[in-house]
K.L.:
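There's a structure below that I have some questions on.
We name chains A, B, ... by the order of the sequence lines, and we start the count at 1 in each one.
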Amino acid sequence: MSKRFFQNKTAVFTTLIVLVVALIGILAPVIAPNDPYETNIINKFAGYSMEYPLGTDQLGRCVLSRMIYGIRPTLGLAALTMVGTIGIGAVLGIMAGYFRGIVEEVIMRIVDVMLSFPSQIMVFAVVALLGVSVQNVIIANVFIKWAWYARMIRTGVMQYRDKNFVQFSCCVGMPERFILFRHLLPSITSDLAVLASLDIGWAIINISTLSFLGLGVQAPTPEWGAMLNEAKEVLTSNPTQMIAPGVAIVALVCCFNLMGDALRDVLDPKEVK
Amino acid sequence: MLKLDKICVSFRSERQDKIFGHTKQQILFDVSVEVKKGTCLGILGESGSGKSTMGRVLCGLLKPDSGNVLINDIPVYASKSGRRELQNKLSIVFQDYTTSANPRFRVRDILREGLYVRQRKERMRLDQEKEINRLLELVGLSSDFAERFPHELSGGQLQRVCIARAIACNPEIILFDEAISSLDAHTQVQIMDLLLELKEKLSLTYIFITHDLTSITYLCDDVLFLYQGHVTEHLSVKRINETKDTYAKKLLESIVVFETEEAV
């Protein structure tokens with residue numbers, strides 16, 4: 001498995017980028033050249049310089065430092081959203097797919113209800129109900145997204161549980177634990193990895209969108225979407241301010257999408273080199 | 001040792017006349033059969049005759065609507081211990097070898113699954129490496145196959161691995177669900193020879209589900225003809241020419257043609 005991973009250039013490259021970005025985010029206090037919250041009104045809209053490599057924004061804060069600190073909420077919250085979504089989705093999906101019968105009916109009807117709402121409206125509804133905060137954005141995202149995963153995982157489990165190797169395990173009386181964790185889960189991980197890495201891009205955009213609309217991460221906290229929102233306000237006077245967060249979001253989301261594709265190739269045992 | 005007593009199986013039809021209708025389609029009608037220890041029973045029938053359904057009932061995966069499955073006089077579907085008894089005694093080899101093995105497992109892991117069952121059953125630890133090599137040798141594969149993935153094996157080799165896995169559980173009965181039908185004629189003969197050899201060595205009982213009469217005459221002691229869910233004939237292979245069943249006759253006729261062709 002690891003050998004095939006290292007042979008796949010895209011997988012290695014994209015994973016490396018994501019890891020480096022995450023590391024920069026973790027080491028933000030060490031790396032950032034300036035304090036992201038320090039305002040300097042006199043020096044606002046400064047161009048690119050040694051002191052402010054990406055210039056300053058409308059309040060004279062260092063854009064690069066804000067970008068670096070912004071990795072934490074952007075990437076961290078997206079990862080948290082995905083962990084929550086996949087966790088809930090996997091448990092319910094496997095239950096529905098493996099046990100069938102009444103359990104499946106109940107779970108799938110709830111899923112149907114969840115899927116019948118447009119996702120953005122649901123997010124707004126949840127945020128409006130619980131109040132504007134980061135925590136609620138995560139809850140809202142998990143709340144609308146788990147149903148997709150539950151359905152996907154159920155389909156995967158159903159597809160594999162009639163395969164002969166599972167039938168054999170049932171027939172000779174292997175414990176259910178073994179069937180679930182050694183046969184079914186690994187079989188669906190490749191689909192899951194693809195979907196998860198595609199959707200982490202979705203989560204980043206979604207959190208950024210909400211921040212952009214002023215519903216997510218709140219004002220002084222640096223977050224890429226929120227920074228884009230601030231840049232929008234000064235679109236005419238300082239158009240270059242939106243380049244950094246905009247490019248960063250596009251690049252990171254792109255990276256996750258490519259990683260999804262590459263991971264599918266890596267996790268598929270039949271992929272021949 | 002394994003006995004079916006008046007088994008009836010039916011499935012709910014996909015197309016119902018009413019919205020909440022319960023129209024059922026019956027697949028097996030009063031199927032009764034007994035398999036004695038050390039013998040080989042062939043179950044023969046055309047497509048859709050209920051062979052595979054019967055196989056699923058036999059291996060404990062499908063509870064029949066009525067009737068009893070008994071293993072050593074213990075009812076299989078009545079209790080958990082009955083099922084466990086069957087699980088400990090019976091192993092299975094499938095027709096479609098492409099899905100018989102988890103594509104993520106190496107041959108080593110595939111066999112280990114069977115060994116795990118044996119360890120649990122016999123309550124002892126096995127030297128797994130040694131056992132895996134022994135099993136591979138038993139089915140005529142060299143030990144370097146242990147590191148391969150299923151897609152790196154040919155159909156015949158993979159089917160051998162599946163047989164090895166079935167034997168790894170140390171069963172008393174092995175059920176073959178069209179296990180050799182999907183192989184070419186030459187490999188079929190090889191596998192059948194292997195099966196005969198294993199049967200002698202390990203004193204196994206075989207149940208063979210197939211639509212191929214040649215393999216039955218080659219391997220089995222008894223043959224059971226299944227036609228649209230009914231047992232039409234149950235007789236020993238030696239007297240197969242005396243069959244009165246029309247479907248069996250048809251099969252016999254086709255086999256004669258096939259053999260003369262091969263002779264030329």
K.L.:
Does anything in residues 106-120 of chain A pair up under side chain to side chain donor-acceptor pair (under 3.5 Å), and if so which pairs, sequence neighbours excluded?
P.N.:
Glu105(A)-Arg109(A), Arg109(A)-Asp112(A), Gln120(A)-Asn206(A)

K.L.:
Residue by residue, which of residues 164-178 of chain A have a heavy atom closer than 4.5 Å to a heavy atom belonging to chain B?
P.N.:
Asn164(A), Phe165(A), Gln167(A), Phe168(A), Ser169(A), Cys170(A), Cys171(A), Val172(A), Gly173(A), Met174(A), Pro175(A), Arg177(A), Phe178(A)

K.L.:
If I take atom CZ from residue Arg104(B) and atom CZ from residue Arg182(A), how far apart are they, to the nearest 0.5 angstrom?
P.N.:
12.0 Å

K.L.:
Based on non-hydrogen pairs under 4.5 Å, which of Ala101(B), Gly60(B), Ser91(B), Gly114(B) is most in contact with chain A?
P.N.:
Ala101(B)

K.L.:
May I ask you to name which of Leu61(B), Asp109(B), Asn102(B) has the most heavy-atom pairs under 4.5 Å with chain A?
P.N.:
Asn102(B)

K.L.:
Report, as yes or no, whether the 6.0 Å neighbourhood of atom CD1 on Ile102(A) holds more than 12 heavy atoms from other residues, nucleotides or ligands.
P.N.:
no

K.L.:
Only distances under 3.5 Å count here; give the side-chain donor-acceptor pairs of residues 153-162 of chain A to other protein atoms, sequence neighbours excluded, each with its distance to 0.1 Å.
P.N.:
| from | atom 1 | to | atom 2 | distance (Å) |
| --- | --- | --- | --- | --- |
| Arg154(A) | NE | Glu104(A) | OE2 | 2.7 |
| Arg154(A) | NH2 | Glu104(A) | OE2 | 2.9 |
| Thr155(A) | OG1 | Arg151(A) | O | 2.7 |
| Arg161(A) | NH1 | Tyr98(A) | O | 2.8 |

K.L.:
Take atom CZ in Phe11(B); do more than 12 heavy atoms of anything else shown fall under 6.0 Å from it?
P.N.:
yes

K.L.:
Return the option, out of Arg84(B), Arg120(B), Arg83(B), with the maximum number of heavy-atom pairs under 4.5 Å with chain A.
P.N.:
Arg120(B)

K.L.:
With a sphere of 6.0 Å drawn around NZ of Lys3(B), does it hold more than 12 non-hydrogen atoms of other residues, nucleotides or ligands?
P.N.:
no

K.L.:
Need one label for Ile92(B): side chain, backbone, both or neither, based on atoms under 4.5 Å from any heavy atom in chain A.
P.N.:
both

K.L.:
Under 3.5 Å, side-chain donor or acceptor atoms of residues 161-172 of chain B against the rest of the protein: list the pairs with distances, not counting sequence neighbours.
P.N.:
| from | atom 1 | to | atom 2 | distance (Å) |
| --- | --- | --- | --- | --- |
| Arg165(B) | NH1 | Ser100(B) | O | 2.9 |
| Arg165(B) | NH2 | Ser100(B) | O | 2.9 |
| Asn170(B) | ND2 | Glu122(B) | OE2 | 2.7 |

